[in-house]
Chemist: 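The structure follows.
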There are 2 protein chains.
Amino acid sequence: MGDRIVGIIGTGSIGGSIGKRLREGDTFDVFGYDTNPAAIAAALATGAIDAGVTREELYARADVVVIASHLDATVTEIQRVRLEGPVRADLILDVASVKLPVTQAAAGIPNFVATHPMAGSERSGASAARPDAFEGRAWAYVPSRDEQLDERARLFIESLGGVPVAVEAAEHDRIVALTSHVPQLVGSCYAHRLRERGETADALCGPVARELLRVSQMNFSMWRAILRSNAPNIEPELRLLAEALLDAADALRDGDVGALYGLFPPERAVG
Amino acid sequence: MGDRIVGIIGTGSIGGSIGKRLREGDTFDVFGYDTNPAAIAAALATGAIDAGVTREELYARADVVVIASHLDATVTEIQRVRLEGPVRADLILDVASVKLPVTQAAAGIPNFVATHPMAGSERSGASAARPDAFEGRAWAYVPSRDEQLDERARLFIESLGGVPVAVEAAEHDRIVALTSHVPQLVGSCYAHRLRERGETADALCGPVARELLRVSQMNFSMWRAILRSNAPNIEPELRLLAEALLDAADALRDGDVGALYGLFPPERAVG
């Protein structure tokens, strides 16, 4: 039994991974709340939380609150917290994939820090949760301008194995457009073409193709809000990548493979 | 000591992985030959071969010959074997990434089977070789129309942990354009943009981005011949992917995220 309580709102794969990691230590008891009772049952069954509680009990008792829902639900929850007024916790954080809508919704909420762990899974639900999901991975947070609050957030992130990386919300969203959202759409478009191409193609996939296929299994229900809210950043990066691929196609058509040389790293010696 | 000898021509990461795997069993002694003496030294030092030999000794003594060079060197070696006439081995196979130039060069060589293991590494040389590199991975081979020869090739592939997949040369090259060569160029173009974008972007990479960055470390010296010889298959696949990305960009620009729904798999229940 820990002497402090973490309340997790949304006990899916990220919330469940946070719960499983916390329950390996003895600092925290882990309370969970989810609008979907099946998600709470799965979190209890897989050891991601100590107890399922009501939303009211969670906010009344938790020392740390983690909002671990999809983007839309996260923004809705944060708006509700703002309307309902101060809560007991001295640290409230979210983990959604786009940060500008979150920081806008959270403006004025004391003890709130917007964060984003760089750990995803193509599988959803607490059964996909892993206590080492964040180990050594970057975990972005948007500095709150309250240095003591930021320090609490960093310590909490580190206690989960994550590596805190400070980044402003708008800059975060521009970066993840390139590092996460474009790769997702590449995976989706690629998998679509591979399905068109058929059976044997699937068998003869290299490691990159397998990773693109893996990510293409993500649910649209999670990605809809991400793609919509970060569209202004994703669209230009998609076009840049498409143009680069078309340039490469032109080079291949023209028999000018040497034009692709600059895309590859400098040559290294065999050894 | 095995009572049969495998001769590996080209003791880099694939040849070295084959050698290391064979040396775990006791069926074969592994002889190695490489035009680069440093590659032979590395193969001996890392336990990939039992002995370094001359090319002549290798062909005079080996029961199985594996040509494990880059595509250009493989085609050159095969042309030389054809000119020099029959060899002792009852199985000669190559492992190059494009099969039509190989089967054309090998026409009429007895006991030759063109193959391609779906296992690559961004690292080169015997130090990157792993005995389990092929474990459970597809290993394509082009049926020779000599069923006993094909059976020997399948057994050899299986002895290395690979899963034999029969495919005609032209069809193989169309498939790997999509499953291997397009992903390589996507990785290269993507890494190029990420380097442009700078430091923090690198820290905030998700798993797909990391895989694209990994593959982007491959040497151009290996890829030049692959891209040139398979350009007619790669070019149209690159254009298809680029067009799909541009369509997605248009949907994002138009606020029509729903248009991307069809790219994602059907929704699943939380559990």
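In the text below, chain A, chain B and the rest are named by the order of the sequence lines, each starting its count at 1.
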Chemist: Quick one: does any side-chain atom of B:Thr179 pair with a main-chain N or O of A:Leu204 as donor and acceptor, under 3.5 Å?
Modeler: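 Yes; at least one donor-acceptor contact below 3.5 Å.
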Chemist: Checking heavy atoms, do the side chain of B:Asp250, its backbone, both or neither come under 4.5 Å from chain A?
Modeler: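 Contact with chain A involves both backbone and side-chain atoms of B:Asp250.
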Chemist: Which class fits the ring pair A:Tyr261 and B:Phe220: parallel under 30°, tilted 30 to 60°, perpendicular over 60°?
Modeler: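 If you compare the ring of A:Tyr261 with that of B:Phe220, the planes turn out perpendicular.
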Chemist: Could you walk me through whether B:Phe264 and A:Met222 satisfy the side chain to side chain contact (heavy atoms under 4.5 Å, CB included) test, starting with their C-alpha distance in whole Å, then the side-chain angles of each, then the deciding distance to 0.1 Å, before giving a yes or no?
Modeler: CA-CA 11 Å; B:Phe264 286 79; A:Met222 173 184 164; over 6 Å; no
Chemist: Does A:Pro207 reach the side chain of B:Met118, with side-chain heavy atoms less than 4.5 Å apart?
Modeler: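 The answer is no, as the side chains (C-beta and beyond) never meet within the 4.5 Å cut-off.
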Chemist: A:Glu211 versus B:Arg210: any side-chain heavy-atom pair under 4.5 Å?
Modeler: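 They are not in side-chain contact.
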Chemist: For B:Ala45, enumerate each residue passing the side chain to side chain contact (heavy atoms under 4.5 Å, CB included) test, keeping only those at least two apart in sequence or located in another chain.
Modeler: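 Applying side chain to side chain contact (heavy atoms under 4.5 Å, CB included) to B:Ala45 gives none.
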Chemist: Quick check on A:Asp247 against chain B: is it the side chain, the backbone, both or neither that has a heavy atom closer than 4.5 Å?
Modeler: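 Contact with chain B involves no heavy atom of A:Asp247 at all.
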Chemist: At a heavy-atom separation under 4.5 Å, does A:Trp139 approach chain B through its side chain, its backbone, both, or neither?
Modeler: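 It is neither, since no heavy atom gets under 4.5 Å.
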Chemist: Among B:Arg174, B:His172, B:Arg195, B:Arg193, who wins on heavy-atom pairs under 4.5 Å with chain A?
Modeler: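 Highest number of pairs under 4.5 Å: B:Arg193.
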Chemist: Considering only heavy atoms from C-beta outward, does the side chain of B:Leu185 approach that of A:Leu252 to under 4.5 Å?
Modeler: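 Yes, at least one pair of side-chain atoms sits under 4.5 Å.
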Chemist: Checking the side chain of A:Tyr190 only, and the main-chain atoms of B:Leu178 only, is there a donor and an acceptor separated by less than 3.5 Å?
Modeler: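 The answer is yes, because a donor-acceptor pair under 3.5 Å joins these two groups.
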Chemist: Given the options A:Gly16, A:Ala138, A:Cys189, which has more heavy-atom pairs under 4.5 Å with chain B than any of the others?
Modeler: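 With the most close heavy-atom pairs to chain B, the winner is A:Cys189.
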Chemist: Taking only heavy atoms into account, what residues of residues 232-242 of chain A are found under 4.5 Å from chain B?
Modeler: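 The list, in residue order, reads A:Ile234, A:Glu235, A:Glu237, A:Leu238, A:Arg239, A:Leu240, A:Leu241, A:Ala242.
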Chemist: Examine whether an atom of B:Val186 lies under 4.5 Å from a heavy atom of chain A, and if so say whether it belongs to the side chain, the backbone or both; otherwise answer neither.
Modeler: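 Contact with chain A is through both the backbone and side chain of B:Val186.
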Chemist: Supply the atom-to-atom distance A:Leu260 CG to B:Gln184 CD, rounded to the nearest 0.5 angstrom.
Modeler: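 Here the interatomic distance stands at 10.5 Å.
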Chemist: Any idea which of A:Val208, A:Leu213, A:Val165, A:Val167 has the most non-hydrogen atom pairs under 4.5 angstrom with chain B?
Modeler: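 When all of A:Val208, A:Leu213, A:Val165, A:Val167 are compared, A:Val208 has the most.
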